[in-house]
A.B. asks: 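What follows is a structure written as structure tokens; I'll ask about it next.
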Amino acid sequence: MLEYGTKIVAGVTPGRGGDEVCGVPVYDTIAEAKEHRTMDASIVFVPAPYALDAALEAVEAGLDPVVVITEGIPVRDTIELAARARRAGTTIVGPNTPGLIKPGESKLGIMPAQVFREGSVGIVSRSGTLFYEIAAHVTRVGLGQSMCVGLGGDPVVGLDFIDVLRWFEHDEETDSVALIGEIGGDAEERAAEFISEGGFTKPVAAYIAGRSAVPGKRMGHAGAIIQGSTGTAESKMKVLRNAGVAVGELPGDVARFLKGPLG
Amino acid sequence: MKLLEYQAKQVFQKFDIPVPKGGVAETILEAEEIAKMVGGPLAIKAQLPVGGRGKAGGILFAETTNKAAEIAGRLLGSRLMDLEIKKVLVEEKLNIKKELYLGVVVDRKNRSYMVLASSEGGVDIEEVAARTPEKIVRHLVDPLDGLRSYHARLVAKRLGYTGREMSALADLLLKLYRVAMEMDAELTEINPLVVTDAGLMAADARLNIDNNALFRHPELDELSEEDEASELSERELEARGLGLTYVELDGDIGVIGNGAGLTMATIDTVTLKGGMASNFLDLGGGASAERIGAGVSFVLSDPRVKALFVNILGGITRCDETAQGIIEAMRLTSSEKPIVVRMTGTNEEEGKRLLGEARIDTLDTMEEAAERVVALARGGQVW
């Protein structure tokens with residue numbers, strides 16, 4: 001992140017206060033860090049059993065957004081975090097997310113910088129590496145990205161597609177959007193409804209992973225599971241198409257659509 | 001982690017939720033013992049981690065101890081819905097006056113828990129929701145307030161209960177909610193919740209625990225072996241032992257990726273190119289050479305696998321580590337099966353150099369690599 005130009009002003013690790021990592025001072029608590037440095041946002045890498053506590057510390061300190069990279073946080077903890085963040089007016093990104101990147105400016109995440117270029121496509125994704133895959137395609141066709149948001153692969157996450165689409169609608173640097181979904185839940189269906197109702201008016205291309213998934217089995221992500229008849233890739237692709245979204249058969253189709261018919 | 005009915009009922013009992021008198025048996029002798037202790041008409045229920053076993057013939061009734069033992073003997077060891085019945089629950093047959101439904105589920109959309117209740121118990125709640133949605137009462141829990149007594153009374157009232165019956169149902173719902181919270185459950189369900197002369201009783205019980213919260217529940221450690229195990233295939237069990245995120249599929253092309261979404265997309269691409277994946281194996285983030293090697297060896301050891309596709313998008317996973325892992329696995333297994341590697345990202349050049357030296361083919365795009373592996377699996381000439 002430092003290499004990419006993100007202004008990391010402090011690290012917080014209980015018991016390691018006084019240390020320094022890559023020239024960045026480490027403090028025992030956020031409160032202490034705030035006494036010495038000025039900061040806006042927070043990114044959490046704390047192991048799952050302690051992640052709720054760490055994220056709440058950031059919320060209480062007034063940092064916004066709080067990006068939670070950690071995978072494996074109990075859903076009950078995420079529910080509590082989301083509720084407390086909502087009350088405080090804080091945005092939670094994740095958990096189980098690669099984070100955020102604004103190419104050419106800054107990143108608050110763990111994505112490989114080399115696949116991104118400044119450009120006009122907004123990307124919002126439930127997956128990590130599949131998001132890099134599609135971002136690389138978008139870069140290769142010469143479009144680049146205005147802003148990329150990893151929602152996270154857990155069943156409950158702080159942001160959903162609609163929140164990010166709302167933001168992209170008003171972002172002047174974003175001309176079109178790549179929406180990357182996967183099996184499980186109904187976040188894509190709700191995004192399709194939002195688009196149908198005119199909530200989002202810019203062109204959207206989408207890819208949904210998991211057409212070959214087995215119902216009832218968790219495909220890697222805690223949230224990627226077809227339960228009963230809900231959450232299949234086919235149903236998501238269908239409702240998105242009905243909403244006027246260009247849904248790709250292959251990950252590479254997304255960039256092809258954005259460059260071609262939707263460009 | 002899905003608990004079996006008898007395990008869920010043991011948990012319910014700890015939370016003071018009434019369940020029928022009975023016990024679990026693995027042999028005819030045990031079944032007979034339990035039947036004798038319980039007495040009277042009995043229900044014999046196959047313990048399987050799937051719904052719909054009643055319709056499939058997994059729940060039977062007996063008037064006598066002998067008959068109960070005979071039924072238990074018939075069920076034990078037989079197969080139902082593609083699963084072997086290893087245990088049966090032998091319990092008192094209830095005198096049912098009415099059947100209800102009560103459940104607490106994670107609501108992904110609202111980022112909270114939802115209480116579901118219905119006067120239509122004993123049937124699949126998804127069916128009720130589709131057919132007669134008005135018969136389901138929903139209450140969205142405020143995560144910071146929790147479910148309070150008056151919320152529970154409101155739910156009971158909306159189901160049409162008044163007076164003492166309302167209080168009893170509300171009381172039971174509060175206990176069920178406590179189970180959901182304290183056990184970190186994704187799904188807590190009583191279907192049917194039955195009204196008997198002795199009051200409310202959980203005739204069936206479902207409890208699915210959040211895998212991510214198992215560290216908070218050491219008491220479930222001894223259960224985890226046997227319960228989920230019955231749902232997993234032998235290879236899936238073995239993979240779990242190795243710490244691999246693995247799902248068995250029906251095809252003959254091994255697929256390994258890093259990241260759940262990318263691995264799913266890789267399988268979908270193989271399918272679109274006319275192939276069939278034998279598995280889903282997600283290495284996760286930042287896999288070491290050892291871990292990658294373990295994954296490659298494991299998939300290659302599957303006799304169904306004709307060719308392997310490794311798709312790595314290096315972020316925190318490094319391509320050179322990936323290459324080392326693949327090469328080491330090839331050396332150890334001395335497998336002759338063709339491997340197609342697609343990798344890009346962190347330390348890509350070094351990774352490709354290593355694979356090139358080892359004469360392992362790498363391709364730049366997922367689509368090309370998928371086409372290549374499908375051709376190789378068919379045994380066709382590719383270049």
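So that the names make sense, note that chain A is the first sequence line, chain B the second, and so on, each numbered from 1.
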A.B. asks: Counting a contact as any heavy-atom pair under 4.5 Å apart, which residues of residues 43-54 of chain A contact chain B?
C.D. replies: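 Listed by number: A:P49.
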A.B. asks: Identify whether the distance between the nearest side-chain nitrogen and carboxylate oxygen of B:D184 and A:R76 falls below 4.0 Å.
C.D. replies: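 Between A:R76 and B:D184 there is a salt bridge, with a charged N closer than 4.0 Å to a carboxylate O.
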A.B. asks: Name the option with the most non-hydrogen atom pairs under 4.5 Å to chain A; the candidates are B:G284, B:P143, B:A180.
C.D. replies: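 Counting heavy-atom pairs under 4.5 Å, the top option is B:P143.
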A.B. asks: Decide yes or no on side chain to side chain contact (heavy atoms under 4.5 Å, CB included) for A:R87 and B:L144, but give the supporting numbers first.
C.D. replies: CA-CA 10 Å; A:R87 187 176 279 185; B:L144 300 183; 3.5 Å; yes
A.B. asks: How about CD on A:E3, more than 12 heavy atoms from neighbouring residues, nucleotides or ligands closer than 6.0 Å, or not?
C.D. replies: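 Incorrect, the count does not exceed 12.
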A.B. asks: Sort A:I73 into side chain, backbone, both or neither according to what part of it lies under 4.5 angstrom from a heavy atom of chain B.
C.D. replies: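 When you check distances to chain B, only backbone atoms of A:I73 fall under 4.5 Å.
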A.B. asks: For A:Q114 and B:T346: C-alpha separation, side-chain torsions, deciding distance, then whether side chain to side chain contact (heavy atoms under 4.5 Å, CB included) applies.
C.D. replies: CA-CA 9 Å; A:Q114 68 270 21; B:T346 313; 4.2 Å; yes
A.B. asks: Only pairs of heavy atoms separated by less than 4.5 Å count here; which of A:G158, A:A113, A:A224 has the most with chain B?
C.D. replies: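 Of the options given, most contacts go to A:G158.
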A.B. asks: Under 4.5 Å heavy-atom distance to chain B, tell me which part of A:R190 shows up: side chain, backbone, both or neither.
C.D. replies: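 Contact with chain B involves the side chain of A:R190 alone.
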A.B. asks: Does anything in residues 254-263 of chain B get under 4.5 Å of chain A by heavy atoms, and if so which residues?
C.D. replies: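 Residues of residues 254-263 of chain B touching chain A at under 4.5 Å: B:N258, B:G259, B:A260, B:G261, B:L262.
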A.B. asks: May I ask you to decide if A:A209's main-chain N or O and B:D268's side chain share a donor-acceptor pair within less than 3.5 Å?
C.D. replies: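 Not confirmed, B:D268 side chain does not pair with A:A209 backbone.
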A.B. asks: What part of B:L249 gets within 4.5 angstrom of chain A, counting heavy atoms only: side chain, backbone, both, or neither?
C.D. replies: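 For B:L249, the side chain is the part near chain A, not the backbone.
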A.B. asks: For chain B, which residues of residues 213-221 of chain A have at least one non-hydrogen atom nearer than 4.5 Å to it?
C.D. replies: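 Hits under 4.5 Å: A:V214, A:K217, A:R218, A:M219, A:G220, A:H221.
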A.B. asks: Does the pair B:L272 and A:R211 meet the rule for a side chain to side chain contact (heavy atoms under 4.5 Å, CB included), with working shown?
C.D. replies: CA-CA 10 Å; B:L272 271 175; A:R211 289 163 84 180; 4.1 Å; yes
A.B. asks: So which of B:D250, B:I267, B:T266 actually passes side chain to side chain contact (heavy atoms under 4.5 Å, CB included) with A:S212?
C.D. replies: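 Among B:D250, B:I267, B:T266, the one that satisfies the side chain to side chain contact (heavy atoms under 4.5 Å, CB included) with A:S212 is B:I267.
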A.B. asks: A:A83, A:P155, A:G185: which one forms the most heavy-atom pairs within less than 4.5 Å of chain B?
C.D. replies: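 Highest number of pairs under 4.5 Å: A:P155.
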A.B. asks: Can you give me the closest heavy-atom contact between A:Q227 and B:R108, atom names plus distance?
C.D. replies: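 In this case the closest contact between A:Q227 and B:R108 is OE1-NH1, 4.5 Å.
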A.B. asks: Looking at B:R111 and A:V157, would you say the former's side chain and the latter's main chain have a donor-acceptor pair under 3.5 Å?
C.D. replies: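 Such a contact is found between B:R111 side chain and A:V157 backbone.
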A.B. asks: For A:I180, is it the side chain, the backbone, both or neither that has a heavy atom under 4.5 Å from a heavy atom of chain B?
C.D. replies: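 A:I180 has no heavy atom closer than 4.5 Å to chain B.
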A.B. asks: Strictly below 4.0 Å, N to O, side chains only: are B:E367 and A:R256 in salt-bridge contact?
C.D. replies: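 So B:E367 pairs with A:R256 through a salt bridge.
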A.B. asks: Rounded at 0.5 Å granularity, tell me how far CG in A:D160 sits from NZ in B:K109.
C.D. replies: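 A:D160 atom CG to B:K109 atom NZ measures 9.5 Å (nearest 0.5 Å).
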A.B. asks: With chain B as the partner, which of A:E80, A:R126, A:R84 has the greatest number of non-hydrogen pairs under 4.5 Å?
C.D. replies: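 Looking at each option in turn, the highest pair count goes to A:R84.
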A.B. asks: With A:R86, which residues qualify under salt bridge (charged side-chain N to carboxylate O under 4.0 Å, His left out), at least two apart?
C.D. replies: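 With sequence neighbours excluded, A:R86 shows a salt bridge (charged side-chain N to carboxylate O under 4.0 Å, His left out) to no residue whatsoever.
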A.B. asks: Look at atom CG of B:D82 and say whether more than 12 heavy atoms of other residues, nucleotides or ligands are closer to it than 6.0 Å.
C.D. replies: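 Atom CG in B:D82 is not packed in, count stays at 12 or less.
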A.B. asks: What I want to find out is whether A:E133 reaches B:R342 closely enough, with some N-O distance under 4.0 Å, to be called a salt bridge.
C.D. replies: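 Yes, this pair counts.
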A.B. asks: What part of B:N212 gets within 4.5 angstrom of chain A, counting heavy atoms only: side chain, backbone, both, or neither?
C.D. replies: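 Both backbone and side chain.
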A.B. asks: Would you call B:D364 and A:R140 a salt bridge, using N to O less than 4.0 angstrom?
C.D. replies: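 Here B:D364 does not pair with A:R140 in a salt bridge, since their nearest N and O are not under 4.0 Å apart.
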A.B. asks: How about CD on A:E60, more than 12 heavy atoms from neighbouring residues, nucleotides or ligands closer than 6.0 Å, or not?
C.D. replies: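 Atom CD in A:E60 is not crowded, with 12 or fewer foreign heavy atoms closer than 6.0 Å.
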A.B. asks: Of the listed residues (B:D282, B:L313, B:T344), which shares the most heavy-atom pairs with chain A below a 4.5 Å separation?
C.D. replies: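 Option with the top pair count is B:L313.
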A.B. asks: Between B:V106 and A:I79, which heavy-atom pair has the shortest distance, and what is it?
C.D. replies: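 It is CG1-CD1, 4.4 Å.
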A.B. asks: Please indicate whether B:R131 has more than 12 foreign heavy atoms, meaning atoms of other residues, nucleotides or ligands, lying under 6.0 Å from its CZ.
C.D. replies: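 Yes - once you tally the heavy atoms of other residues, nucleotides and ligands closer than 6.0 Å, there are more than 12.
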A.B. asks: Using heavy-atom distances under 4.5 Å, tell me whether A:F131 contacts chain B through its side chain, its backbone, both, or neither.
C.D. replies: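 When you check distances to chain B, no heavy atom of A:F131 falls under 4.5 Å.
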A.B. asks: If you take all heavy atoms of A:G210 and B:M264, which pair is closest and at what distance?
C.D. replies: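 Scanning both residues completely, I find the closest heavy atoms to be CA-SD, 3.6 Å.
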A.B. asks: Does A:D77 form a side chain to side chain contact (heavy atoms under 4.5 Å, CB included) with B:R216? I'd like the steps, not just the answer.
C.D. replies: CA-CA 12 Å; A:D77 291 5; B:R216 286 204 278 247; 3.0 Å; yes
A.B. asks: Taking side chain as everything from C-beta outward and backbone as N, CA, C, O, which of these in B:M276 sits under 4.5 Å from a heavy atom of chain A? Side chain, backbone, both or neither.
C.D. replies: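 The answer is neither part of B:M276.
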